[in-house]
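Take a look at the structure set out below.
Lettering of chains follows the sequences in order, A, B, ..., and the numbering in each one begins at 1.
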Number of protein chains: 2
Amino acid sequence: MTKKSPSPEAVTAWARLMRVSRQLVEKTEDALKAGGLPPLAWYDVLHELAEAGEGGLRPFELIDRVLLAQYGVSRLLAKLEADGLVEKLPVSDDGRGQTVRITPSGREMRRGIWAIYGASITELMGDRLSAEELNALAALLGRLRHPPIENH
Amino acid sequence: MTKKSPSPEAVTAWARLMRVSRQLVEKTEDALKAGGLPPLAWYDVLHELAEAGEGGLRPFELIDRVLLAQYGVSRLLAKLEADGLVEKLPVSDDGRGQTVRITPSGREMRRGIWAIYGASITELMGDRLSAEELNALAALLGRLRHPPIENH
DNA sequence: CCCATATCGATGCATTTGCATCTATATGGG
DNA sequence: CCCATATAGATGCAAATGCATCGATATGGG
């Protein structure tokens with residue numbers, strides 16, 4: 001199983017991907033910080049919980065969706081709960097676990113973060129590429145995902 | 001200056017970019033760790049220093065190139081020096097500063113990291129997209145850079 | 001020449017992250 | 001029913017990171 005060294009094209013694309021993604025995250029985090037808002041990870045979790053609705057989600061369900069480690073989810077949820085943005089409910093048929101549900105102020109916080117986050121996406125992506133280019137980019141990135149997204 | 005909310009295409013592309021870049025970094029860092037090698041940031045710095053040659057680089061020159069904060073560079077260089085991978089030389093015409101030069105074992109470490117890193121790039125990018133697609137991806141990402149890359 | 005200000009790089013302290021492990025409950029084999 | 005093992009989630013401790021500041025030298029205006 002000899003692994004060959006990467007093509008120049010792969011290296012360039014890799015380097016761009018690394019640099020651009022870090023720049024975009026950094027700029028967006030800066031914008032949130034400047035607005036007195038919590039980090040992106042908070043948005044991700046609140047977003048998932050908002051989509052999940054009243055039924056809420058189990059912490060382990062959040063782990064795969066938000067690409068955070070188990071202990072990261074555990075600690076983030078503790079902070080969100082302390083801030084009253086989510087509530088933890090015991091789950092009847094599994095004494096180990098809990099269900100996490102977003103609260104009204106959690107939804108409000110999500111909207112607040114989105115005002116900045118969405119503007120950042122517009123500025124950093126929407127304004128720089130056309131809809132067709134954005135679709136092309138998404139399709140190419142989808143092929144790099146694990147598991148890859150099939151395009152048709 | 002009202003910022004409008006992002007198009008669905010921008011949001012999808014953004015989400016993919018965030019997810020894919022984090023996945024690729026994570027997989028690569030895991031591979032390095034499994035090989036008993038230091039993190040990617042070490043490679044970045046060693047790479048820049050190797051390219052700079054015998055003249056070396058000033059720490060502040062590294063800051064922009066590797067997208068690390070000033071204190072991050074300072075601390076990373078301290079570790080690299082402790083491991084004998086770089087050496088710090090006083091610079092004659094500026095008593096505040098220093099020049100950092102890669103050592104032979106630094107070059108060796110760089111090669112060692114690259115054996116894993118390069119294989120990871122091949123596996124995660126080179127094997128998944130054609131050369132044309134990689135170029136297309138790099139071009140699109142270049143437009144998202146700050147400052148953006150002009151394509152011709 | 002002196003002083004105000006800017007730049008280079010390091011560092012103390014608080015927060016965050018990663019790793020390993022822990023407690024508690026669940027599950028399945030005998 | 002009991003025990004071995006697995007899974008859900010929390011946490012102690014160490015390392016990494018972020019922030020503010022510091023000491024040291026450089027620079028420029030008067």
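Close to C:dA10, at under 4.0 Å from its OP1 or OP2, lies a side-chain N or O of B:Ser74. The shortest distance between the side-chain N/O atoms of B:Arg96 and the OP1/OP2 oxygens of D:dG23 is not below 4.0 Å. Between A:Lys79 and D:dA10 there is no side-chain N or O to OP1 or OP2 distance below 4.0 Å. Between A:Gln98 and D:dA10, a side-chain N or O to OP1/OP2 separation shorter than 4.0 Å is present.
For the atom pair CH2 of A:Trp14 and CG of A:Leu144, the computed distance is 9.0 Å after rounding to the nearest 0.5 Å.
A residue-by-residue look at A:Tyr71 and A:Asp93 shows that A:Tyr71 has its nearest nucleotide of DNA chain C further toward the 5' end. In terms of position on DNA chain C, the residue among A:Asp94 and A:Ala69 whose nearest nucleotide sits closer to the 5' end is A:Ala69.
A heavy-atom distance below 4.0 Å to DNA chain D is reached by none of the residues of residues 28-35 of chain B.
A:Ile63 places its CD1 atom 10 Å from the P atom of D:dA10, with the value rounded to the nearest Å. Rounded to an integer number of Å, the gap from B:Leu67 CG to D:dG18 P is 11 Å. If you measure from atom CG of A:Leu89 to atom C1' of D:dG9, you get 15 Å, rounded to the nearest angstrom. When rounded to the nearest whole Å, the span between CZ of A:Phe60 and C1' of D:dA10 equals 16 Å.
When each of A:Leu124, A:Ile121, A:Asp127 is paired with B:Pro6, the side chain to side chain contact (heavy atoms under 4.5 Å, CB included) condition holds for A:Ile121 and for no other.
Not one N or O on the side chain of B:Arg145 forms a donor-acceptor pair closer than 3.5 Å with the backbone of A:Arg16. In this structure, the side chain of B:Ser105 does not engage the main chain of B:Glu108 through any donor-acceptor pair within 3.5 Å.
Counting distance only, with no hydrogens placed and no angle test, the side-chain atoms of B:Arg75 and the base atoms of D:dG18 include a donor-acceptor pair under 3.5 Å. Side-chain atoms of A:Gln70 come within donor-acceptor range of the base of D:dA10, with a qualifying N/O pair under 3.5 Å.
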Side-chain donor-acceptor pairs under 3.5 Å in residues 66-90 of chain B, sequence neighbours left out?
from, atom 1, to, atom 2, distance (Å)
B:Glu87, OE2, B:Arg101, NE, 3.3
B:Glu87, OE2, B:Arg101, NH2, 3.1

Would you list the atom pairs, donor with acceptor, under 3.5 Å between side chains in residues 25-33 of chain B and any protein atom, with sequence neighbours excluded?
from, atom 1, to, atom 2, distance (Å)
B:Thr28, OG1, B:Leu24, O, 2.8
B:Thr28, OG1, B:Ser120, OG, 2.8
B:Glu29, OE1, B:Leu40, N, 3.4

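C:dG30 is paired with D:dC1 under the criterion used here, namely a Watson-Crick or G-U wobble arrangement in which both key atom distances are under 3.5 Å.
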